[in-house]
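Residue numbers start from 1 in every chain, and the chains themselves are labelled A, B, ... in the order their sequence lines are given, proteins ahead of strands. If you're wondering where the values come from, they're calculated on a predicted model, not measured in any experiment.
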Number of protein chains: 2
Amino acid sequence: MDVEKAPSAGGARLFIGIDLGGTKIASALVDADMKTMGRVTVATRPEEGPDAVIGRMLGTVWELCEGHGCGVGDVGAIGIGCPGPLDQETGIVLDAPNLMWKNVSVAAPVAQATGLPVCVENDANVAALAENRMGAGRGARHMMYVTVSTGIGSGLILDGRLYVGAMGAAGELGHVTMLADGPLCGCGNRGCLESLASGTAIAQRAREAAARPAGAGILEAANGDIDAIDSALVALAATGGDATAQAIMRAAFEYLGTAVANVLNLLNLDMVVIGGGVAQVGDVLFDTVKRMIELRAMACMARDVRVVPALLGADAGALGAACCAAERLTKYVP
Amino acid sequence: MDVEKAPSAGGARLFIGIDLGGTKIASALVDADMKTMGRVTVATRPEEGPDAVIGRMLGTVWELCEGHGCGVGDVGAIGIGCPGPLDQETGIVLDAPNLMWKNVSVAAPVAQATGLPVCVENDANVAALAENRMGAGRGARHMMYVTVSTGIGSGLILDGRLYVGAMGAAGELGHVTMLADGPLCGCGNRGCLESLASGTAIAQRAREAAARPAGAGILEAANGDIDAIDSALVALAATGGDATAQAIMRAAFEYLGTAVANVLNLLNLDMVVIGGGVAQVGDVLFDTVKRMIELRAMACMARDVRVVPALLGADAGALGAACCAAERLTKYVP
């Protein structure tokens, strides 16, 4: 579909990306070089209902245009990165628990209010696109982006393009089974990667350990309050030399590394970009993942792959949504 | 690159595919509708060395043309499906133990002798292409072909095209880790799918069982000769009602099903085609794989996927190699 370099069909040299999260809406205006021209962040307040949230999303659009001194007609397209399963064709968010949304049409009202083409895409997918087009994965033709935070998500760039699969739902690395009889996962399956290696899983293992003598150091770090134990606290205890905290982190990242090695064997990627809150621990995660790749992936798959931290942080969602809109809805060629 | 429907750039309406195996070379001549116009099979005899094997491959080309009453100049391109890791760019087979080949240039001598464009591709990949273009996977846009025989291999069709990854090595489903401390695999890793669910693994588990009282039925089916136990014999014993044989088959296919479910979660495929000798057991394999998908894959991934037996059997290699040549080397559009 892409036949010429930007500017787009309508002569537009600007794109807007909106990262719709459970707590905040982060929007960005980018130019045809995908340089950020403006940023606006507002609270989501999902308790006020979909109409109010969509109204606030539109507010960020007007504010970005005003800040840049342009009209909404100067924008080529708007992309929205959303949580949960969604329908890219109809622009409907099917099920987003943290927004309390079921079957909410997002693209249509934004398109109607702005007169612009609008697309929606999964938040991990747009983050993958952002890291590939302007972040740590720049230049990689076959790449996986993995985000490790309270859950685990991923997005795939295959043959240079965002891969979304048959129903647009690809990239659920968090729900590959890593341990047949492992912990129960929120999805109903047992032993999903997410139930073994997410921030939530790390905190859970640490709380279990804190009830035993070996977890005394973790309990002390939490000032004796088991409920205060989260993955950041476990990371801190591990850095401070607590052996139990270190073992919990290592076990989690070994599962993550094995899952990544499995994807390498299947997809022969040239890059894996890892972001999300838990990835902030740095070396202990990356070193463990690399060790598991060495151990588990075939030599030819392990040899040339680069495993690197994400670069764009909290900006990935809005920037990736803008990339997605530019590439999917206009003649923009990355 | 593909801009027009067949016939190809050179006006060719014929393509040749060669399936180079350890015991036989199976070649086919197909027309622009990918209909088989001729078949020739000869022994490989790898012990005579690469030059002799390549000579016999060329012999099948002359024979196919003679049989069809055409000249080699009427053929648009030749594709060769080869075992082992290979370099698609240079047409070199890097390491094929069953041919006793290391770094053997295959495409160049065939191109030189015939004056035709020649490509080489992994045998599981060309079989995947054949099943997608003319077999059980026809019409599927996102498909995995899995072959379960002495080993386990796979090939991926993503977004309608054969996906080979960064170095052309994608599709090693046989070497994803399914059990961290599982049996040692030929690749050096532990707990690879191949070490748990291949024909070789099934036979190995049955031989271990045959040394125990529970394996008496299997041992009897092998006339008391443990070394005579192979996966076909285990399948026969299972069909005959032997509980141990049934349990061995079920355990193997549960690992296979979990691996397939993991791929579905990652790639959101619309079809999985399973072939190879072990898949001939039929229902017990397919029912178990489907049950594991139901249990392990996310509902949205499991709902619309079809899991079906391969259709092309031993023809898949040669036909897929012909498809690969047509699509990669000429303007043929599938």
For chain B, find which of A:L173, A:T258, A:D159 contributes the most heavy-atom pairs closer than 4.5 angstrom. A:D159
Determine the option with the most heavy-atom pairs under 4.5 angstrom with chain A, choosing from B:L193, B:T177, B:L295. B:T177
Contact origin within B:A261 toward chain A - heavy atom pairs under 4.5 Å: neither
So which part of B:A180 gets closer than 4.5 Å to some heavy atom of chain A, the side chain, the backbone, both or neither? both
Ring pair (Phe, Tyr, Trp, His ring centres under 6.0 Å) against A:H142, all qualifying residues, sequence neighbours excluded: B:Y163
Enumerate by number any residue of residues 262-273 of chain A whose heavy atoms lie under 4.5 Å from heavy atoms of chain B; in the absence of such residues, state 'none'. A:N262, A:V263, A:N265, A:L266, A:L267, A:N268, A:L269, A:D270
One option among A:R141, A:R303, A:M301 has the most heavy-atom pairs under 4.5 Å with chain B, and it is A:M301
Has A:E294 got more than 12 heavy atoms of other residues, nucleotides or ligands less than 6.0 Å from its CD? no
Contact part of A:M167 toward chain B, heavy-atom cut-off under 4.5 Å: side chain, backbone, both or neither? both
Most chain A-contacting option - heavy-atom pairs closer than 4.5 Å, from B:M178, B:R161, B:E254, B:E172: B:E172
So which heavy atom on A:R190 is nearest to which on B:R296, and how close? O-NH1, 2.9 Å
Checked B:L179, B:L156, B:V164, B:L158 vs chain A; the most non-hydrogen pairs under 4.5 Å come from B:L158
